[in-house]
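Heads up, the thing below is written out as structure tokens.
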Amino acid sequence: MAPSHLSVREMREDEKPLVLEMLKAGVKDTENRVALHALTRPPALLLLAAASSGLRFVLASFALALLLPVFLAVAAMKLGLRARWGSLPPPGGLGGPWVAVRGSGDVCGVLALAPGSSAGDGARVTRLSVSRWHRRRGVGRRLLAFAESRARAWAGGMGEPRARLVVPVAVAAWGVAGMLEGCGYQAEGSWGCMGYTLVREFSKEL
């Protein structure tokens, strides 16, 4: 499917269940890799070992004491990722959410935007997901181009001297990071836990 066969429009209310499933599927594709990345860092391993040692005095089973902290840590991380990226944010100052639609009417991607936290921060992508059946077909790039056009229009309407778009990317989502770098975005910051990166932020001056 070529990008020219795609259109982007605001999500209709009857499409919300489908879009939510798409977001949840997108999170599920990366959450295991993010959890593995986070829990194999030395500080996390040290904390898990300490928790297991403490549980050995409480639980009769050595295997249970070893596995329970890992299970709880993975579950907590997955729930946090799903709560953050697996739901639809309320409409913000930039409108939306928007969906990418094939000519036949099939919804194949979703995008949501929000203003930055302070003046001059530009706009931020808060949700960007493509159906697994439509990946590597230009849908992500089409949504990104639409996000850039919305960010420019919003910056002009707000009297901002420049337009800027920031896209957060989970550390395990190498395909998304590669797409952004190919579109002229640069990694500018990150956030995570215990000094280790979980999410990188890419930005571009528009």
- Task: Of all the heavy-atom pairs spanning Gly138 and Leu6, show the shortest one and how long it is.
- Result: O-CD1, 4.0 Å

- Give, for atom CG of Leu18 and atom OG of Ser131, the distance between the pair rounded to the nearest 0.5 Å. 8.0 Å

- Mind listing the closest non-hydrogen atom pair of Met11 and Lys16 along with its distance? SD-CA, 4.0 Å

- Query: Would a distance-only check, ignoring hydrogens and angles, find a side-chain to backbone donor-acceptor pair under 3.5 Å from Thr126 to Ala112?
  - Reply: yes

- Note on the structure: Distance col, row Cys108:SG vs Arg142:CZ, nearest 0.5 angstrom, shows 10.5 Å

- Message: How close do Val139 and His134 get, counting heavy atoms only, and between which atoms?
- Response: CG2-O, 3.6 Å

- Does Val167 reach the side chain of Glu201, with side-chain heavy atoms less than 4.5 Å apart? no

- Just wondering, do Arg127 and Leu111 contact through their side chains at under 4.5 Å, heavy atoms? no

- Query: Side-chain contact, heavy-atom cut-off 4.5 Å: Tyr185 with Val166?
  - Reply: no

- Item | Side-chain touch Pro69/Leu55, heavy atoms, less than 4.5 angstrom | yes

- Item | Polar side-chain atom of Arg150 near backbone of Leu94 as donor-acceptor pair, under 3.5 Å | yes

- Item | Basic-acidic side-chain contact under 4.0 Å: Glu15, Arg9 | yes

- Query: Any chance CZ of Arg56 has more than 12 other-residue heavy atoms, nucleotides or ligands included, within less than 6.0 Å?
  - Reply: no

- Note on the structure: So CG of Leu180 and CG of Leu144: to nearest 0.5 Å the spacing works out to 6.0 Å

- Query: Just wondering, do Pro168 and Arg124 contact through their side chains at under 4.5 Å, heavy atoms?
  - Reply: yes

- Task: Evaluate the side-chain proximity of Leu128 to Leu143: yes if any heavy-atom separation is below 4.5 Å, no if none is.
- Result: yes

- Item | Shortest non-hydrogen contact from Ala163 toward Ala151 | CB-O, 4.1 Å

- Query: Is Glu188 paired with Lys204 through a side-chain N to carboxylate O contact shorter than 4.0 Å?
  - Reply: no

- Query: Just by distance, do the side chain of Ser203 and the backbone of Leu165 share a donor-acceptor pair under 3.5 Å?
  - Reply: no

- Note on the structure: For Ala177 and Phe202 the tightest heavy-atom approach is CB-CZ, 3.8 Å

- If only atom types and distance count, is the side chain of Arg102 paired as donor or acceptor with the main-chain N or O of His5 below 3.5 Å? no

